[in-house]
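What you are looking at is a predicted structure, and each value in this text was computed from that prediction instead of being measured. Just so you know, residue 1 is the first one in the sequence shown, and it goes up from there.
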Amino acid sequence: MAFQMGNPSPLGGSMGAVSNAQTQTGPDLEEIQTEALGFQAIAGESKLRLLPSPWPADSLPPPTASLLSIASKKALLAAAGPESVVIAGTDSVRQAFSASADGNIKPYTPQLTIPIGMRVSQVAFSADEDFLVLSAETGGGLAVYEVQALIQGNTQSTFQLPTNGAALRALVPNPTPETAELFAVVTTNGELLMANLKTRQFLNGSQGQVLKDGVSYVSWSTQGKQLVVGLGNGTLCQMTPKGEMKGEIPRPPALEGDQHVSSILWLENNVFLVAHTPSSFEAGQALATTYHVVTHQASKASAMMFQKLPEPCLPFEMSRLPHFQFMRRLKNFPPNISDAIVVASTASVDIGLVTRSKTPLSSDVSAEVSNVFTTTIMADDSRRAQLPMSEDMGDTSPIGVGFDLSSKDKVLRPLPKEEYDASPGPLPALMILNNEGILASWWIVYAESIRQGTSFPGLVAVGGTQTQQQPQAERQASSFANARAQTAPPFGQTTFGKPETKKPGSMFEGPLSQLANNALASPGPAFGATSTIGKPSSPWADGATICASTQSGSPAFSRPSFGSTTPMGATTQGTAFGTAGVIGARQSPWGKPSSSTPVATDSVSGQPSLGGGNISPFVGATTGNSFGSNTATSSQAPTSSGFASFASKPSGFLTTITSSNAESPFGKVTSGAFFDYGMEADT
């Protein structure tokens with residue numbers, strides 16, 4: 001089996017040729033063992049059964065599925081199972097780890113369930129935590145929910161953005177609240193799009209809405225002003241959210257074979273952590289992933305230095321191929337840690353760690369091992385993090401990873417070998433969801449921070465952006481923290497009652513009461529969306545809003561705008577967005593456009609634009625082979641298109657460019673000019 005590039009490489013050759021830029025192979029980075037940093041299980045061996053049902057062992061999520069997202073300021077988490085999405089309070093989740101129950105796997109009932117009745121592949125909160133965005137495993141599309149409405153128990157999406165039947169490899173929110181409306185979207189066909197929740201459209205670049213072809217993964221800069229885009233041929237490029245190319249990064253000189261960029265972190269203006277994974281593989285094969293720290297050396301014009309990093313988590317045999325790596329970063333943990341990067345691979349039960357510290361974290365190496373990245377192993381086995389075994393004692397795989405920064409409580413005995421009764425303040429927590437729906441969580445304990453009385457500044461309690469701390473007894477009284485609804489709500493209803501009949505504060509007590517009141521008192525959702533709060537209709541009722549367009553005039557190159565032939569913002573007729581009969585039906589809850597919806601065509605040929613006859617660069621979702629996705633049976637996977645998909649009636653999506661004929665903007669970079677930092681000093 002191979003992960004193939006159907007279109008010619010923009011750099012020439014299926015694996016991507018090294019450009020004229022200067023490249024340098026730097027010294028390999030080290031692996032160290034440390035007692036200065038570790039993972040402390042949140043409640044001993046306890047784990048939480050977060051999802052109501054596990055993912056089927058013979059039909060696991062695609063490797064790139066990301067099915068857990070945490071909104072720390074609002075103290076919520078969202079996770080997706082095979083047929084539903086659950087919403088839970090993080091306080092409630094932490095308390096449940098310590099609940100009295102037989103065995104180490106504790107039962108748990110989330111406070112809200114969105115009974116979608118289909119498989120979801122992407123779950124992500126926006127950076128300002130005002131919106132939750134979902135995408136279906138088959139057919140893609142974006143379903144956008146107001147968090148304020150979810151808090152009240154309203155399970156109706158605010159609007160949807162169709163992706164014309166293309167499923168997603170990645171859905172990456174902009175990291176800054178100031179531009180939280182932007183989501184980078186990578187389809188399984190390798191197209192990069194930029195969704196704008198404010199305008200409810202995909203942004204247009206110089207050649208239309210497809211900003212880049214052949215894309216395997218993306219990462220935002222820390223300021224959210226640019227992206228670094230990993231390609232299927234192993235190269236990378238840097239661009240703005242509108243697709244303006246700023247530079248390129250070649251493959252590492254020593255990288256052999258057909259390998260794609262499987263994961264990226266943009267760490268600093270000129271520093272990147274990049275993972276490459278083989279694109280050709282055999283079923284059941286454990287693939288070795290190669291990690292590099294890539295540095296643009298400003299002192300040497302256009303020079304890139306590649307330093308190989310020891311693999312943080314060794315692979316095992318698993319059917320989710322090719323492997324994908326979740327990489328989550330804690331930046332500037334005082335007093336001395338500059339970076340602590342958690343790495344979780346879909347091919348490993350071990351959770352890896354990459355660090356960079358101003359002072360050495362290990363006494364076993366020379367003092368020079370500081371201010372450089374290292375693969376960091378816990379010297380004490382009890383301080384390592386590892387996924388739980390399956391019920392039949394087999395290995396499990398991560399399907400979602402995130403940091404919970406919402407805790408307000410001190411952690412007891414953070415350094416067992418030292419005389420500290422409790423941490424000076426709350427600690428960041430790592431949460432990982434596995435394919436069986438089991439949630440594991442660990443406190444991240446930095447010994448020197450405990451000794452010096454410092455706290456991680458990203459914690460909500462430290463930043464002061466969360467609601468005022470309340471006594472533990474009051475938090476335990478929260479109905480959101482302790483709700484135990486035993487069954488999913490009936491179709492079109494919720495276990496919280498009808499929102500319009502509730503008064504502010506009537507559904508919530510304790511720490512989330514102010515949050516609920518704020519939601520009810522809000523003059524309207526962010527990004528100018530029309531609020532659905534209080535509507536008594538089914539979440540899938542007729543007349544749902546489809547990506548209302550505010551764009552006027554013709555897009556660039558006189559190509560049709562996104563969905564231009566679809567009545568934007570108009571009420572759909574007939575069976576649109578509401579034909580799913582009962583919960584559990586495999587039809588998309590957002591349905592398909594009515595039969596009167598025109599088919600978008602290419603502006604020149606007049607033929608339907610989707611596909612264009614080109615071979616998919618990453619093998620589309622409909623083949624069942626998209627990056628290791630399993631072809632599920634009718635009893636396990638949806639057979640219809642995804643959220644708001646126009647698969648049977650193609651819209652203008654992908655009409656803007658036929659990649660085989662269009663000139664790649666990637667090739668327009670001036671030879672030797674790798675990075676243009678004139679745009680802004682800090683990206």
ask   = Do you know the tightest heavy-atom contact between P334 and S449?
value = O-CB, 3.4 Å

request  = Could you go through the salt bridge (charged side-chain N to carboxylate O under 4.0 Å, His left out) check for E268 and R356 one step at a time?
outcome  = CA-CA 13 Å; E268 296 176 358; R356 180 174 56 166; 2.7 Å; yes

message = Can you confirm whether the side chains of Q111 and S92 place a donor and an acceptor under 3.5 Å from each other?
response = yes

query = Is there side-chain contact between V172 and F183, with heavy atoms separated by less than 4.5 Å?
reply = no

Donor-acceptor under 3.5 Å (S406 side chain, T90 main chain) = no

task = Please answer whether the main-chain N or O of T64 pairs with a side-chain N or O of Q122 as donor and acceptor at a distance below 3.5 Å.
result = yes

ask   = F272 pairs by ring-ring contact (aromatic ring centres under 6.0 Å, His included) with which of W266, Y291, F306?
value = W266

query = Looking at I377 and R384, what are the two nearest heavy atoms and their distance?
reply = CG2-NH2, 3.4 Å

key: Any L134 side-chain heavy atom under 4.5 Å of Y145 side chain   = yes

Atom pair CG (L405) and CG (L330), whose distance is rounded to the nearest 0.5 Å = 7.0 Å

task = Show your reasoning for whether side chain to side chain donor-acceptor pair (under 3.5 Å) applies to R320 and S397.
result = CA-CA 9 Å; R320 303 178 71 200; S397 180; 2.8 Å; yes

ask   = Can you check whether F324 and Y217 have ring centres sitting under 6.0 Å from each other?
value = yes

request  = State whether the side chain of S345 and the backbone N or O of A347 hold a donor-acceptor pair below 3.5 Å, judged by distance alone.
outcome  = yes

query = Is a donor on one side and an acceptor on the other found under 3.5 Å between the side chain of Q40 and the backbone of W443?
reply = no

ask   = With the threshold set at 4.0 Å, does a side-chain nitrogen-carboxylate oxygen contact exist between R329 and D339?
value = yes

Crowding at CD, E45 (>12 non-hydrogen neighbours, <6.0 Å) = no

ask   = Within a strict 4.5 Å, meaning less than it, do heavy atoms of the M431 and L77 side chains meet?
value = yes

ask   = Is L353 close to T375 at the side-chain level, that is, under 4.5 Å between some pair of heavy atoms?
value = no

task = Check whether any side-chain heavy atom of M304 lies under 4.5 Å from a side-chain heavy atom of P250, and answer yes or no.
result = yes

inquiry  = Classify the ring geometry of F39 against W442: parallel below 30°, tilted from 30° to 60°, perpendicular beyond 60°.
reply    = perpendicular

Presence of salt bridge, K225 and E178, under 4.0 angstrom = no

query = Going from CE on M245 to CD on Q226, what distance comes out if it is rounded to the nearest 0.5 angstrom?
reply = 11.5 Å

ask   = Quick one: which of V133, L142, L161 gives a side chain to side chain contact (heavy atoms under 4.5 Å, CB included) with V185?
value = L142

message = Would the distance check show the side chain of S348 and the main-chain N or O of D350 forming a donor-acceptor pair, the cut-off being under 3.5 Å?
response = yes

task = For a side chain to side chain donor-acceptor pair (under 3.5 Å) with T179, tell me which candidate from N174, N196, D128 qualifies.
result = N174

remark   = Separation between SG (C313) and CG (L387), nearest 0.5 Å, reads 9.5 Å

message = Just verifying a value: how many Å separate N371 CG and S338 OG, rounded to the nearest 0.5 Å?
response = 6.0 Å

Spatial distance of atom CD1 (I264) from atom CD (Q325) [nearest 0.5 Å] = 11.0 Å

request  = Taking H323 for its side chain and L287 for its backbone only, find out whether a donor-acceptor pair lies under 3.5 Å.
outcome  = yes

ask   = Is any side-chain heavy atom of V215 less than 4.5 Å from a side-chain heavy atom of L231?
value = yes

request  = Return yes if some donor-acceptor pair links the side-chain N/O of E129 with the main-chain N/O of S72 below 3.5 Å, else return no.
outcome  = yes

task = Please lay out, stage by stage, how T376 and T34 fare under the test side chain to side chain donor-acceptor pair (under 3.5 Å).
result = CA-CA 7 Å; T376 304; T34 184; over 6 Å; no

key: Salt bridge E35-R383, side-chain N to carboxylate O under 4.0 Å   = no

query = Sequence neighbours excluded, which residues qualify as ring-ring contact (aromatic ring centres under 6.0 Å, His included) partners of F373?
reply = none

query = Is any NZ, NE, NH1 or NH2 atom of the basic residue among R94 and D409 found under 4.0 Å from an Asp or Glu carboxylate oxygen of the other?
reply = no

message = Within the structure provided, determine whether L267 and I341 are in side-chain contact (heavy-atom separation under 4.5 Å).
response = yes

inquiry  = Side chains of H260 and S279 only: does a donor on one sit below 3.5 Å from an acceptor on the other?
reply    = yes

message = Applying side chain to side chain donor-acceptor pair (under 3.5 Å) to S357 and T355, what does each step give before you reach the verdict?
response = CA-CA 6 Å; S357 176; T355 62; over 6 Å; no

Distance (rounded to the nearest 0.5 Å) between L182 CG and L197 CG = 8.0 Å

task = Could you tell me whether the side chain of S370 and the main chain of T359 form a donor-acceptor pair under 3.5 Å?
result = no

task = Would you sort out whether T277 and Q259 count as a side chain to side chain donor-acceptor pair (under 3.5 Å), showing the intermediate values?
result = CA-CA 5 Å; T277 299; Q259 302 203 35; over 6 Å; no

note = All heavy atoms of V120 vs all of L67, minimum pair found to be O-CD2, 3.2 Å

ask   = So which heavy atom on F131 is nearest to which on E146, and how close?
value = CE2-CG, 3.9 Å

query = Distance-only, no hydrogens or angles: does the T396 side chain make a donor-acceptor pair with backbone N or O of N434 under 3.5 Å?
reply = no

note = When every non-hydrogen atom of Y108 is compared with those of G89, the smallest separation belongs to OH-O, 4.1 Å

message = Any heavy-atom pair between the side chains of V144 and L132 that's under 4.5 Å?
response = no

inquiry  = Quick check: closest heavy atoms across V123 and S69, and the distance to 0.1 Å?
reply    = O-CB, 3.6 Å

ask   = Under a 4.0 Å N-O cut-off, is there an ion pair linking D130 with K74?
value = yes

query = Any donor and acceptor pair, going by atom type alone, linking the side chain of R169 with main-chain N or O of G190 inside 3.5 Å?
reply = no

